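Inspection log for the structure reproduced underneath, given as structure tokens.
Being a predicted model, the structure only gives us computed values, none of them experimental.
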Amino acid sequence: MAHFLLPFTLSLLSLTSPATTKPATTTPFKLGAEKLSHFQFYWHDIQSGSNPTSIGIVKPPPNTPAATGFGTVNMIDDPLTEKPENSSQMLGRAQGFYGLASQEEMGLIMVMNFVFMTGRYNGSTLTVLGRNPVAQKVREMPVIGGTGLFRFARGYVQASTYSLNMQTRDAVVKYNVYVLHY
């Protein structure tokens, strides 16, 4: 018992020591006025062909119902374009992963960064983390942060399937992004 109390007591002392209780300093940067921005673009999840942008990295166990694919995980580096055509101007990429996280429906967990590569937001990112029930016409997921011009960002995205090829599983999804940032 004494062996446990000594380290515990020492750790409590270090938490209350004056060296760790410095007053907060001022913010190293000025945030400016908060504004609401709206973006619309198309997300191309390409699983077929010689250069897929979405690849399976985890397969479900053999006893998983095929209808939901529960347990499947894909890593993505999907193009974000101005229009639904693959040849449209590329605005950036969606990098991250998604997994089939529901045993009852086609419900994804989406974890991705929208990496902008053109215009004013070139080099900035937005991070999306949320549930995507793909059978719904419009799905809403939270924007939980960002970098560059999107530091301290928060908001939401609305995703709606533009096209889906059931044989190749290639999909084009329209994203409307509403984000508060400084």
Spacing of [atom1] belonging to [X] relative to [atom2] belonging to [Y], to within rounding of 0.5 Å:
| X | Y | atom1 | atom2 | result |
| --- | --- | --- | --- | --- |
| L80 | F41 | CG | CZ | 5.0 Å |
| I109 | L100 | CD1 | CG | 11.5 Å |
| K174 | T161 | NZ | OG1 | 11.5 Å |
| K59 | T72 | NZ | OG1 | 7.5 Å |
| R131 | S102 | CZ | OG | 6.0 Å |
| M112 | D78 | CE | CG | 8.5 Å |

Output, in order, the C-alpha distance, side-chain angles, deciding distance and verdict of side chain to side chain contact (heavy atoms under 4.5 Å, CB included) for N74 and I57.
CA-CA 5 Å; N74 277 40; I57 59 171; over 6 Å; no
Between P84 and Y42, is there a side-chain heavy-atom distance shorter than 4.5 Å?
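Side chain of Y42 against side chain of P84, heavy atoms only: contact under 4.5 Å found.
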Exercise: identify the closest heavy-atom pair between [X] and [Y]:
| X | Y | value |
| --- | --- | --- |
| M110 | Y98 | SD-CB, 3.6 Å |
| M90 | T118 | O-CG2, 3.5 Å |
| R120 | L149 | O-CD1, 3.3 Å |
| T68 | E104 | CG2-C, 3.8 Å |
| R139 | K137 | NH1-O, 3.6 Å |
| L129 | P142 | O-CG, 3.0 Å |

Check whether [X] and [Y] end up in the same hydrophobic cluster, where Ile, Leu, Val, Met, Phe, Trp and Tyr are linked by side-chain heavy atoms less than 4.5 Å apart.
| X | Y | answer |
| --- | --- | --- |
| L108 | V172 | no |
| F116 | Y175 | yes |
| V143 | F152 | no |
| V115 | W43 | no |
| F97 | I46 | no |

Please verify the inter-ring angle class for Y178 with H38; under 30° counts as parallel, over 60° as perpendicular, anything in between as tilted.
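Parallel.
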Any idea how F150 and Y121 line up, ring-wise: parallel (<30°), tilted (30 to 60°), or perpendicular (>60°)?
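Ring orientation of F150 relative to Y121: parallel.
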Ring pair (Phe, Tyr, Trp, His ring centres under 6.0 Å), that's the test. Do F114 and F39 meet it? Break it down for me.
CA-CA 11 Å; F114 293 144; F39 305 98; 9.4 Å; no
Hey, mind stepping through R154 and Y156 against side chain to side chain contact (heavy atoms under 4.5 Å, CB included) and telling me if it holds?
CA-CA 7 Å; R154 65 188 191 285; Y156 66 98; over 6 Å; no
Backbone N/O of [Y] and side chain of [X]: donor-acceptor pair under 3.5 Å:
| X | Y | answer |
| --- | --- | --- |
| T127 | I144 | no |
| R93 | D77 | yes |
| D170 | Q47 | yes |
| S88 | K83 | yes |

Applying side chain to side chain contact (heavy atoms under 4.5 Å, CB included) to V173 and D45, what does each step give before you reach the verdict?
CA-CA 8 Å; V173 177; D45 194 56; over 6 Å; no
Looking only at side chains, do T147 and T125 share a donor and an acceptor under 3.5 Å apart?
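Their side chains do contain a donor-acceptor pair, which is all the 3.5 Å distance test asks for.
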Go through the steps to decide whether H44 and T81 satisfy the test side-chain hydrogen bond (donor to acceptor under 3.5 Å, both in side chains), and finish with yes or no.
CA-CA 8 Å; H44 297 260; T81 62; 2.7 Å; yes
